[in-house]
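Values in this document were obtained by computation on a predicted structure and should not be read as measured data.
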Amino acid sequence: MPDQSAIYIGTAFIAGVGLALVCKEVLSSQHSQEKPPSQETASDALRARPGPPAIVQGIEGCIGNTPLFRIKSLSDATGCEILGKAEFLNGAGQSSKDRVALSMIEMAEEHDILTPYSGDTIYEGTSGSTGISLATLARAKGYLAHICLPSDQAIEKSNLLLKLGAIVDRVPPAPIVEKDNFVNRARALAQAHTASSKTVNLTAEEGDQPEQETLDRMVRGRGFFADQFENDANWRAHYQGTGPEIFAQCEGKMDAFIAGAGTGGTISGVARYLKPLLPNITIVLADPQGSGLYNRVRYGVMFDLKEREGTRRRRQVDTIVEGIGINRVTANFEAGKELVDDAVRVTDAQALAMARWLVEKDGIFLGSSSAVNCFAAVKTAMKMGPGHRIVTVLSDSGSRHLSRFWAKAGDVGGAVDTKLEDVLNACDEDFQ
């Protein structure tokens with residue numbers, strides 16, 4: 001019996017220790033579940049997230065499903081939840097234009113306009129980001145790229161295009177009605193390329209023995225003008241991708257969506273997806289100075305004081321902001337313009353001040369169009385009042401705007417304490 005008593009005592013002791021450990025684990029689990037997000041520890045933040053992304057096919061598989069994150073400084077300052085869709089994390093050209101470029105290429109392939117590894121060349125007129133995405137995806141999918149862009153765009157864009165193997169034409173700025181406009185030049189080059197290929201193929205079909213020059217021209221394949229301003233593959237990319245992602249990430253709870261318009265594809269595609277699901281959502285255009293779209297949305301006319309005869313410093317849109325702002329209604333903007341409820345005009349000084357604010361307060365380094373979007377998001381938040389959820393698009397990084405926009409914005413510096421009213425009231429004299 002003494003031996004059996006010892007066994008019973010030992011067993012009871014072990015069981016008690018086990019029960020205590022279980023209770024401790026349960027209480028610890030309950031405590032961690034009740035802990036507010038603001039008290040999250042460093043070890044919690046560094047813990048690996050479940051469900052890593054699956055293996056994808058090629059660089060094109062890294063496009064889409066970008067994060068949506070709370071911009072802390074703007075949310076805290078306005079009392080609204082201002083969220084940024086991190087399109088600069090797309091995996092090909094690192095901008096929202098990755099979606100558009102892939103959509104245009106795939107649609108052309110479906111219609112047998114492009115054939116991989118046949119010598120076909122993609123032509124496009126662009127302010128930079130679409131060209132970078134097209135040049136990247138062209139190499140990934142077996143094409144060549146020929147990009148025409150205005151000569152007043154940041155030089156790092158054309159340098160990057162050259163590194164990606166594209167042919168680059170820096171074209172002097174000209175209105176869209178002139179044949180020397182960068183878009184018209186890209187269209188003409190693509191048409192000439194295709195026409196020469198058709199001529200060569202016809203000669204070959206007639207049974208003639210082509211000379212070496214003819215053979216060289218045959219290898220060149222066809223020319224495809226991507227036509228991002230008028231190609232509805234643009235807005236459809238955002239209708240099928242960006243819009244559904246935002247809706248899912250917000251669990252269907254949002255009050256406003258803010259975006260600028262260059263081609264108009266982003267705002268139209270997202271609006272067309274969100275409006276039927278959220279009839280009360282407010283769609284807001286963020287428009288830089290010199291663009292006529294603000295007046296088109298607000299007053300139904302395309303006109304801007306910066307563009308009136310005798311006052312223009314440029315022949316196109318009079319702003320330092322690149323990628324958005326235009327003085328015509330494109331097919332892509334037309335696709336969703338009736339869904340746009342309001343517009344916010346943003347000056348160059350306000351865009352520059354917002355870009356600096358985001359670095360100073362949040363460590364977010366963005367390009368010019370993203371700064372315009374964020375400024376418009378703040379104005380919308382102030383108009384709607386605290387408690388609303390507002391989503392905007394962070395199109396690309398500031399790294400491709402160093403020589404122009406960020407050269408004007410200047411270095412943020414060390415210990416600074418900018419107030420939001422300083423951003424809202426920024427003027428040209430602040431950046432002389």
Would you say [X]'s side chain and [Y]'s backbone share a donor-acceptor pair under 3.5 angstrom?
| X | Y | result |
| --- | --- | --- |
| N181 | V183 | yes |
| N90 | I63 | no |
| S368 | V321 | no |
| Q94 | A92 | yes |

Provide the closest heavy-atom pair for [X] versus [Y] in the form atom of the first, atom of the second, distance.
| X | Y | result |
| --- | --- | --- |
| R70 | D76 | NH2-OD1, 2.8 Å |
| A351 | F405 | O-CZ, 3.7 Å |
| L68 | C250 | CD2-SG, 3.6 Å |
| A86 | F69 | CB-CE2, 4.0 Å |

### Query
Listed by chain and number, what are the side-chain contact (heavy atoms from CB on, under 4.5 Å) partners of N332, not counting sequence neighbours?
N234, W235, T330
Salt bridge present between [X] and [Y] (N-O < 4.0 angstrom):
| X | Y | result |
| --- | --- | --- |
| R400 | E156 | no |
| K157 | E322 | yes |
| D287 | R296 | no |
| R298 | D342 | yes |
| R389 | D255 | no |
| R236 | E106 | no |

### Residue of the set T136, L102, I105 for which side chain to side chain contact (heavy atoms under 4.5 Å, CB included) holds with E60
L102
### Task
Look at the aromatic rings of W406 and F365 and report parallel, tilted or perpendicular, splitting at 30° and 60°.
tilted
### Message
Is it the case that the side chains of K85 and T242 hold a donor-acceptor pair, with the cut-off being a distance below 3.5 Å and no angle test?
### Response
no
### Task
Could you verify whether a donor N or O on one side chain and an acceptor N or O on the other, from S291 and R345, lie under 3.5 Å apart?
no
A quick test of your reading: do over 12 heavy atoms of other residues, nucleotides or ligands sit less than 6.0 Å from [atom1] of [X]?
| X | atom1 | result |
| --- | --- | --- |
| K379 | NZ | no |
| Y239 | OH | no |
| M384 | CE | yes |

### Task
Please collect all salt bridge (Lys or Arg N to Asp or Glu O under 4.0 Å) contacts where either partner lies in residues 356-378, sequence neighbours excluded, each pair once.
K361-D417
#### Entry: Side chains of T130 and M104 in contact at under 4.5 Å (non-hydrogen atoms)
yes
Going by atom type alone, with no hydrogens or angles, which donor-acceptor pairs under 3.5 Å involve a side-chain atom of residues 169-176 and a protein atom two or more places apart or on another chain?
from : atom 1 : to   : atom 2 : distance (Å)
D169 : OD2    : H146 : NE2    : 3.1
D169 : OD2    : R185 : NE     : 2.9
D169 : OD2    : R185 : NH2    : 3.1
R170 : NH1    : S158 : OG     : 2.9
R170 : NH2    : S151 : O      : 2.4
R170 : NH2    : Q153 : O      : 2.9

